[in-house]
Amino acid sequence: MKKKISIIVPIYKEFENVKKLLDNLMRVDNIYELIFVDSSKDEKSQKYIEKMSKRINVKYIASEKGRSVQMNKGYKESSGELVLFLHCDSIVEKDLIKKISEAEDRGIYFGCLSIYFDDNSWLMKICGYQSRKRAIKRKIAFGDQGMFFTREMFDALGGFKEIPIMEDYDISIRANKIKTLVQIDSKIITSSRKFFSGRGFLNKGIFRCIGVLLTMYEMQILQKQFRNGVSPNELVKKYYK
């Protein structure tokens with residue numbers, strides 16, 4: 001049975017990605033509600049979203065900074081039976097709503113999509129494979145995998161913890177104590193930009209694989225430190241150093 005699904009997208013200075021994602025979602029069947037939550041208060045994004053509201057049920061909301069804060073605010077403004085949180089630099093498939101609805105019919109209250117990256121290098125193919133494998137084996141999802149919840153489930157969790165980093169990792173850990181994560185057969189193509197920036201020459205040419213491997217390694221270290229109780233305020237400094 002088709003469900004009413006609210007899609008919530010936190011954004012920060014993402015005008016080009018807003019246009020790209022909206023163009024993608026215009027092709028998705030049975031969109032019930034789409035909410036962009038902007039912490040940059042970008043007028044270009046706001047005007048474009050408001051213009052597109054004549055063609056699709058989309059609204060723009062201004063918010064304080066912080067992805068978890070933005071997603072919680074978007075949730076409070078939503079009314080769907082389920083809620084899907086997407087990153088703005090993602091692309092989803094036409095039958096997304098159908099696949100999530102069918103998942104809920106099967107008793108899935110917490111799930112994610114099957115992630116692939118927009119870079120076809122062997123290293124990013126491995127990264128995508130490992131992310132999908134982690135969701136299946138360890139039952140852990142991150143925001144770039146497209147996380148969805150029933151309202152009952154999200155309310156039981158009290159939403160995202162409003163911390164500066166690891167809010168997606170944290171809610172995965174807490175959610176699995178109630179209902180185990182299920183990865184559904186619906187592809188999400190996500191930007192690999194975070195793997196190819198911030199490392200100077202190690203992100204370029206023949207050295208680019210070194211930058212990617214360093215990013216992967218550091219992400220594993222940060223996750224372990226989070227599990228061991230290191231403050232998210234300390235972790236965010238390391239992540240954006």
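The shown structure was predicted, so the numbers you read here are calculated from the model rather than taken from an experiment. Index from 1, following the sequence.
In terms of modelled atom types and a separation under 3.5 Å, the side chain of K187 and the main chain of E93 share no donor-acceptor contact. Between the R151 side chain and the L82 main chain, no donor and acceptor come within less than 3.5 Å of each other.
Applying the salt bridge (charged side-chain N to carboxylate O under 4.0 Å, His left out) criterion to K139, with sequence neighbours excluded, gives no partner residue. Residues that satisfy the side chain to side chain contact (heavy atoms under 4.5 Å, CB included) test with N57, not counting sequence neighbours, are E33. Shown here are the salt bridge (charged side-chain N to carboxylate O under 4.0 Å, His left out) partners of E14, two or more places apart in sequence or in another chain: R193. Shown here are the salt bridge (charged side-chain N to carboxylate O under 4.0 Å, His left out) partners of R174, two or more places apart in sequence or in another chain: D170. Taking the salt bridge (charged side-chain N to carboxylate O under 4.0 Å, His left out) definition, one finds that K4 meets it with nothing, sequence neighbours left out. The side-chain hydrogen bond (donor to acceptor under 3.5 Å, both in side chains) check on S172 picks up nothing, with sequence neighbours excluded. For Y169, the ring pair (Phe, Tyr, Trp, His ring centres under 6.0 Å) partners two or more places apart in sequence, or in a different chain, are F142, F226. Scanning for ring pair (Phe, Tyr, Trp, His ring centres under 6.0 Å) contacts around F196 gives an empty result, with sequence neighbours left out.
At a threshold of 4.5 Å between non-hydrogen side-chain atoms, the residues L34 and L22 count as touching. A 4.5 Å side-chain heavy-atom check between Y32 and S6 finds at least one atom pair inside the cut-off.
When all heavy atoms of E167 and K161 are compared, the closest pair comes out as CB-O, 3.7 Å. Closest approach of I35 and G74 over heavy atoms only: CD1-O, 3.6 Å. Taking each heavy atom of L181 and N176 in turn, the nearest pair found is N-OD1, 2.8 Å. When every heavy atom of S131 is checked against every heavy atom of I115, the shortest pair comes out as CB-CG2, 3.5 Å. Of all the heavy atoms in I184 and S114, the pair that sits closest is O-OG, 2.8 Å. Nearest approach of N120 to K125, heavy atoms of both residues: O-CE, 3.3 Å.
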Below 3.5 Å, can you tabulate the donor-acceptor pairs from side chains in residues 232-239 to any protein atom, sequence neighbours excluded?
| residue | atom | partner | partner atom | Å |
| --- | --- | --- | --- | --- |
| K238 | NZ | Q225 | OE1 | 3.3 |

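Listed by first then second residue, pairs satisfying side-chain hydrogen bond (donor to acceptor under 3.5 Å, both in side chains) with a partner in residues 46-55 read Q46-E50, not counting sequence neighbours. A ring pair (Phe, Tyr, Trp, His ring centres under 6.0 Å) check over residues 100-124, counting only residues at least two apart or in different chains, returns the pairs F110-F149, F117-F195. Within the structure, ring pair (Phe, Tyr, Trp, His ring centres under 6.0 Å) contacts touching residues 50-92 (residues at least two apart or in different chains) are Y75-F154, F85-F154, F85-F160.
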query = Given the rule in the side-chain hydrogen bond (donor to acceptor under 3.5 Å, both in side chains) test, do S40 and D38 qualify, once you have shown the distances and angles that lead to the verdict?
reply = CA-CA 6 Å; S40 62; D38 184 11; 2.6 Å; yes
task = Could you check K94 against D29 for salt bridge (charged side-chain N to carboxylate O under 4.0 Å, His left out), going step by step and ending with a plain yes or no?
result = CA-CA 6 Å; K94 190 175 188 292; D29 294 332; 2.9 Å; yes
request  = Kindly determine whether Q70 and S39 satisfy side-chain hydrogen bond (donor to acceptor under 3.5 Å, both in side chains), including the steps that lead there.
outcome  = CA-CA 7 Å; Q70 292 168 252; S39 62; 3.2 Å; yes
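Other residues, nucleotides and ligands place no more than 12 heavy atoms under 6.0 Å from the NZ atom of K20. By the 6.0 Å contact criterion, NZ on K41 is enclosed, its count of non-hydrogen atoms from other residues, nucleotides or ligands being greater than 12.
Here the OG1-CG distance, from T190 to L86, works out to 8.5 Å after rounding to the nearest 0.5 Å.
Test T215, D118, D119 against S192 for side chain to side chain donor-acceptor pair (under 3.5 Å) and you get one pass: D118. A salt bridge (Lys or Arg N to Asp or Glu O under 4.0 Å) with E104 holds for exactly one of K179, K3, K99; it is K3.
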